[in-house]
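Everything below concerns the one structure shown next.
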Amino acid sequence: MKSKNWWQEMEKVRQWVKSSDPAVSLWRESDMNSLHSKIMDQINDWEEKKSQTPSRRTLASLLKPNFSNKRAGS
Amino acid sequence: MKADLELVQEAKEGARKSFSELVQRHQKQMMRVALRMVRDWDTAEDIVQESFIKAYQNISDFAARSSFKSWLYQITINTAKNKLRSNHREVIGVDHLVMGIEDDTEKKLIAGDLKSLILAEVARLPARQQMALNLRIYEDLSFKEIAEIMQCPYDTAKANYRHALLKLKERMESELKTVNINGMDPVTWIEFGSIHAEAEG
């Protein structure tokens, strides 16, 4: 079992690190509102593109040779 | 309030509104973790956008073996690592990833910037120790969550965190012993109020 002193020392280091969080000084709260919109806009764009692109199956059926045009008896 | 997994299920069924709520719920945490890795707002924002889009595009693959949040952290951290690689930062393999930080520690310390010294020391830790430390201290995650994100056993996540703390303690003590800031006792620079023993777990 570790001594109380050991835990105190570790807590001190933990506090050093916590107090130096680089995300705090770089944080821009006002920019967080637009981030959500940017993400959802990109998702909507992706969904739109996906719906406009024919699926593999559709594409395969479009590329399938049309056998009805074959000459009779060939 | 709906649980994450409920929203995930709805998103899997095509409900974009449910995914939008998941973005709202987790974007700050993902921004913070990306920001700590790249130290630049615009780059971090790109990483978070890319991560959420990847998550959306692959949501059908999410099997709920971990929490949605842990899965999202995994995606964000991997996207940030890829970004750092492509930016030709100081990267020597994923396991030796060094988060961007200037190495003028002595100058910063003399200038009284203890925070920079701590950050420099954190940046010198092995990548996996650094990650465990960041997720535990800044994100306040449990070791179970950290293990899920780092894809390692619970005990390994815990050991990485403890080794990181021990190394930091040794390095900070030796740094502070060698540098005398304007004749002041360095210990006075690192007083952060009352000290509580950290609970096991």
Side-chain angles (χ1 to χ4, degrees), chain A residues 1-70, chain B residues 14 16-17 19-20 23-24 27-28 30-37 39-42 44-45 48-53 56-57 99-101 113-119 121-122 133-134 136-138 140 161-162 164-169 172-173 190-200:
Chain A
M1 182 156 166
K2 299 206 164 62
S3 68
K4 191 182 172 191
N5 192 43
W6 190 87
W7 284 112
Q8 284 179 341
E9 287 296 313
M10 290 305 107
E11 175 60 14
K12 191 163 69 182
V13 181
R14 202 182 73 79
Q15 292 291 344
W16 290 348
V17 178
K18 200 173 178 69
S19 70
S20 66
D21 185 355
V24 171
S25 55
L26 296 167
W27 194 254
R28 286 156 41 180
E29 184 64 34
S30 56
D31 287 352
M32 285 310 294
N33 301 327
S34 64
L35 179 61
H36 179 264
S37 311
K38 284 180 191 168
I39 293 166
M40 291 316 294
D41 284 351
Q42 287 193 47
I43 286 172
N44 291 334
D45 285 351
W46 182 75
E47 281 286 4
E48 203 175 316
K49 271 181 201 156
K50 201 175 73 168
S51 68
Q52 285 167 1
T53 311
S55 68
R56 279 187 172 187
R57 186 172 289 180
T58 314
L59 209 57
S61 69
L62 286 170
L63 294 171
K64 206 163 66 178
N66 186 348
F67 291 105
S68 64
N69 287 341
K70 277 186 176 178
Chain B
R16 257 177 265 178
K17 204 178 166 193
F19 192 80
S20 166
V23 174
Q24 194 80 55
Q27 61 177 5
K28 279 191 180 182
M30 299 310 132
M31 244 336 255
R32 280 199 303 262
V33 88
L35 206 49
R36 282 185 201 110
M37 290 179 79
R39 310 281 163 86
D40 174 73
W41 183 274
D42 293 335
E45 212 179 60
V48 173
Q49 284 181 46
E50 198 181 319
S51 303
F52 273 108
I53 291 159
Y56 181 80
Q57 291 172 340
M99 296 178 188
I101 190 164
D113 194 348
L114 183 69
K115 283 182 184 179
S116 296
L117 175 66
I118 295 166
L119 284 179
E121 292 303 327
V122 170
L133 190 88
N134 285 341
R136 178 72 174 161
I137 295 183
Y138 298 135
D140 213 17
Y161 170 71
R162 293 202 173 156
L165 278 189
L166 280 171
K167 263 189 206 160
L168 273 182
K169 180 178 174 288
M172 289 299 291
E173 279 174 356
I190 50 171
E191 287 297 333
F192 291 102
S194 60
I195 292 165
H196 303 285
E198 185 186 36
E200 281 269 14

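By convention in this document, chain letters (A, B, ...) are assigned in the order of the sequence lines, proteins followed by strands, and residues within each chain are numbered from 1.
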How many angstroms lie between OH in B:Tyr161 and CE in A:Met10, if you round to the nearest 0.5 Å? 9.0 Å
Is there a donor in the side chain of B:Tyr56 and an acceptor in the side chain of A:Glu47, or the other way round, less than 3.5 Å apart? yes
A:Gln15 and its side chain to side chain donor-acceptor pair (under 3.5 Å) partner, picked from A:Lys12, A:Glu11, A:Lys18: A:Glu11
Residue B:Gln57 versus chain A: region with a heavy atom under 4.5 Å: both
Max heavy-atom pair count under 4.5 Å with chain B, selected residue of A:Asn44, A:Val24, A:Val17, A:Val13: A:Val17
If only atom types and distance count, is the side chain of B:Glu45 paired as donor or acceptor with the main-chain N or O of A:Leu35 below 3.5 Å? no
Picking from A:Arg28, A:Gln42, A:Met32, which has the most non-hydrogen pairs under 4.5 angstrom with chain B? A:Arg28
Can you tell which part of B:Leu133 gets under 4.5 Å to a heavy atom of chain A, answering side chain, backbone, both or neither? side chain
